[in-house]
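In what follows, chains are A, B, ... by sequence order, proteins preceding strands, each numbered from 1. Just the heavy atoms: all of them, side chains too, but no hydrogens, waters or symmetry mates, feed the values below.
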Amino acid sequence: MSDLKPGMRRCDTTGLPVCLDAQAFIKLNAVMAVVYLLVGAIAALLLVLTRWPAVHLLDTAWFYRILTLHGINMLIFWILFFEVAVLYFACTTLLNTKLFSRKLAWVSFGLMVVGSVMTDYTIFMGKADVMMTSYLPLLAHPLFYLGIILVAVGTLVGVGNFFGTLYVAKRDKNYEGSMPLVTFGAMTAAIIAVLALLHGAIALVPTFTFSLGLTPEPDPMWYRLIWWGLGHQSQQVNVAAMVSIWYLISYLTTGAKPINEFVSRAAFLLYILFINLASAHHLLVDPGVGAGWKIWNTSYAMYLAVLASLIHGFTVPAGMEIGMRIRGYGRGLFGWLWNAPWKNPAFSGFFLSLVIFGFIGGITGVTLGTQQINILAHNTMRIPGHFHATVVGGTTLSFMAVTYYVVPLFFQRDYPMKWLARLQPYIFAIGIVMVSLGMSFAGTNGVARRTWDIDAAGIYGSTAHLMLGIMGVGGVLAFTGLLIYILLTVWAVFFGESNKGRAIFDWGTPPIVASQAEAEAAEAEASAGRAPGTMVLVMILLISFVVYYFANWKALADLWWVR
Amino acid sequence: MSIHSPAPDWFQMPHGHERLWIGLALVWCLIMFAMMPFWHFKGKQNSTGESYSVTPAEFTERAEKFAQTNKVSEHNGIPVAEPPPGGDAYLLARMWSWYPVLKLRKGETYRLHISSADLQHGFSLQPINMNFQVMPGYDHVLTITPTHTGEFTIVCNEFCGIGHHAMIGKIFVE
Ligand SMILES: [Cu+2]
């Protein structure tokens, strides 16, 4: 590794170079992210305690207000602030490069903070009870749209700073050969983010000017189409960022080695190429767009993006299997899995994120996005049941997991109460699985999303109530897990013991126990492309997928005929 | 080594288990791809998105005329309209009601026109769980054939304001 440049320090644990500017902005963005995570989480607790019919806490107006707050803070603010931090990390530390521009980083951060505060203020004032989607002609106060636009512009500036850093790193030859896989994944996330945010501008700027009375009302169907160009692609940004983090954590905790760099990179590229029109699957039971358009856009675009996720679903655990076998944990089909560092919260968080995203989020999502099956599911609780598995069980959990390395490495502080931190990912994961399954099965029973009360309809039986109860209990559990995460992290950041000058606390990394000969044998197996344990796991995934998918077609066949 | 630059010869075709899995995953994606056009031609439940441009005022007028000419009784003060089998039926969504109540016959086919007088609403037919989007400015035509008899409830499942949860309609099928 080359000499340290001015304005950089060497990490005492990993030996990696850390740009001090980037470090400052990673900290700032991560702290804001966690603030909004807390706001969104308190909102989440109030919401589950309202939709749990036995509790039914909030009144109508506050329910819809808090629901708007929850969606915006979780899906936009928490995730975008955290993603900017991830981008700054991936382009500086991993490429041994200084951040392109300190000024741009300030502009980006400033716009995002001003915009997000403006939006939250408008919501709290009761001027924007319009949900996350704010479908026209439902209209909010202009400041609501302006706030979101500012956040989007701020994020775009941050993404620009990321690309600037990539350019400088390449120009100055700060790394040799191709960029590391984690940086490559972050770059795909950044490219998709640009596409998503441009859609956001196309949808929200005319809506903002309309809310000011300056321009005529945009067509509601047009708004839905463009809005989902933002709404869906931004979720693909999360997926790309999450998968990059999976690669990062699996390497840090188990020494994972990508089985084939080309395959992993190609899968990231598929996300960019084929997600652009997948927003069609939000419009599957809408008027105004024909069956041909719906089938075309949910097939060519979506299934190749799905293929990408299926590939990562193999390559990530396979890389981990190989890493563990090379370290000497090669016994039987699953010796690598049993001996994995389950007491390391970064590892357990990452692995639970992988499993929840793949088994619950992935399978339900692809099924819901099938043109006809959507008739059964559109706007029912099955939809939030799906995306709480992908965005919360997947993305949020992986972001939490990586924090257990971010705080010691960038804030240079140790976590207190390690035993509690070790439990945290499990508590959160169990809670969110209950939330997701409770919502999904309530949705199969016909319960609508975004509805304050189901009893007004007078048609829902005990199953629907039971499922909403499971969601409620799971929500309280997930909130507990999230609160532990926030308290420990805030404690570590402000009062944690400094680890400057020494290696960080080791959460648990399996030591290398293989002899030279064993390690070579495992390397040979890996280069023959063998990962038998992972192969068994993905076959279980595929079988579950096929069963669930066709069970939905069977349920569809029982409905009234409709064309 | 995900955080370091890969060896220069990283461009290699997949092999071994990885190739097997990519093959299986691709086949599965193709099966899912084929299911949608297959169902479009062979299945009975498809959302074709047929729709016509209409102003909220025009649609309201049509729905009121339909309700008056086909009225057979009343349900909680809302007219119950029975469209002729094979004919057109109208359903108007507005904050926070569905108008009128419909009376249909099992096995008969109707062209059900749905639109909104104000915001976006969601047509969710319970307990059979069929869901469609209702948009102002769009006359959404569903060519439906009820296959069950009984009393069905229409729940609005798109947020449309404070009284949204009470936006309940009825369809009776004989
Ligand atoms: Cu409504």
Aromatic ring proximity [X]/[Y], centre distance under 6.0 Å:
X: B:H113; Y: B:F66; result: no
X: B:W96; Y: B:H165; result: no
X: B:F59; Y: B:Y90; result: yes
X: B:F159; Y: A:W452; result: no

Could you tell me which portion of [X] (side chain, backbone, both or neither) has an atom closer than 4.5 angstrom to a non-hydrogen atom of chain B?
X: A:F184; answer: neither
X: A:I459; answer: side chain
X: A:T68; answer: neither
X: A:Y549; answer: side chain
X: A:L95; answer: neither
X: A:E176; answer: backbone
X: A:T93; answer: neither
X: A:V289; answer: backbone
X: A:A318; answer: neither
X: A:D558; answer: backbone
X: A:V366; answer: side chain
X: A:M221; answer: both
X: A:A555; answer: neither

Heavy-atom proximity to chain A below 4.5 Å, by part of [X]:
X: B:M13; result: both
X: B:I128; result: both
X: B:W39; result: both
X: B:C156; result: backbone
X: B:L112; result: neither
X: B:F132; result: both
X: B:Y110; result: neither
X: B:T48; result: both

Counting distance only, does the side-chain N/O of [X] pair as donor-acceptor with the main-chain N or O of [Y] below 3.5 Å?
X: A:N379; Y: B:G122; result: no
X: A:T370; Y: A:I373; result: no
X: A:R382; Y: A:V447; result: no
X: B:S97; Y: B:A93; result: no
X: A:E321; Y: A:G533; result: yes

Partner chain A: residue of [options] with the largest heavy-atom pair count (under 4.5 Å):
options: B:R111, B:E50, B:R19, B:M35; value: B:M35
options: B:K106, B:M135, B:H140; value: B:H140
options: B:L119, B:I168, B:D139; value: B:L119
options: B:P136, B:S115, B:A34, B:G49; value: B:G49
options: B:L30, B:V141, B:I31, B:L125; value: B:L125
options: B:H164, B:H148, B:Q126, B:Q120; value: B:Q120

* To do: Flag the pair A:M131 / A:L67 as yes when at least one side-chain heavy-atom distance between them is below 4.5 Å, and no otherwise.
  =>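 Side chain of A:M131 against side chain of A:L67, heavy atoms only: contact under 4.5 Å found.
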With no hydrogens and no angle check, do the side chains of [X] and [Y] hold a donor and an acceptor under 3.5 Å apart?
X: A:S264; Y: A:E261; value: no
X: A:R265; Y: A:N260; value: no
X: A:T463; Y: A:N445; value: no
X: B:S53; Y: B:Y138; value: no
X: A:Y223; Y: A:S134; value: yes
X: B:N46; Y: A:Q372; value: yes

Pick whichever of [options] has the most heavy-atom pairs under 4.5 Å with chain B.
options: A:A448, A:A456, A:G446; result: A:G446
options: A:G290, A:G443, A:S178; result: A:S178
options: A:I375, A:I454, A:L252, A:T367; result: A:I375
options: A:S250, A:P137, A:A266, A:P532; result: A:P137
options: A:D453, A:D455, A:V538, A:T380; result: A:V538
options: A:A377, A:A90, A:G177, A:A528; result: A:A528

* Asked: Does A:R450 make a cation-pi contact with A:Y64 (under 6.0 Å, within 45 degrees of the axis)?
  ->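 Relative to the ring axis of A:Y64, which defines the angle, A:R450 lies outside at least one limit.
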* Please work out which of the three classes, parallel, tilted or perpendicular, describes the rings of B:F172 and B:H75, given edges at 30° and 60°. =>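 The rings of B:H75 and B:F172 stand perpendicular, inter-plane angle above 60°.
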* Asked: Looking at B:L92, B:V134, B:I171, which one forms a side-chain contact (heavy atoms from CB on, under 4.5 Å) with B:W98?
  ->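 Only one option passes, and that is B:V134.
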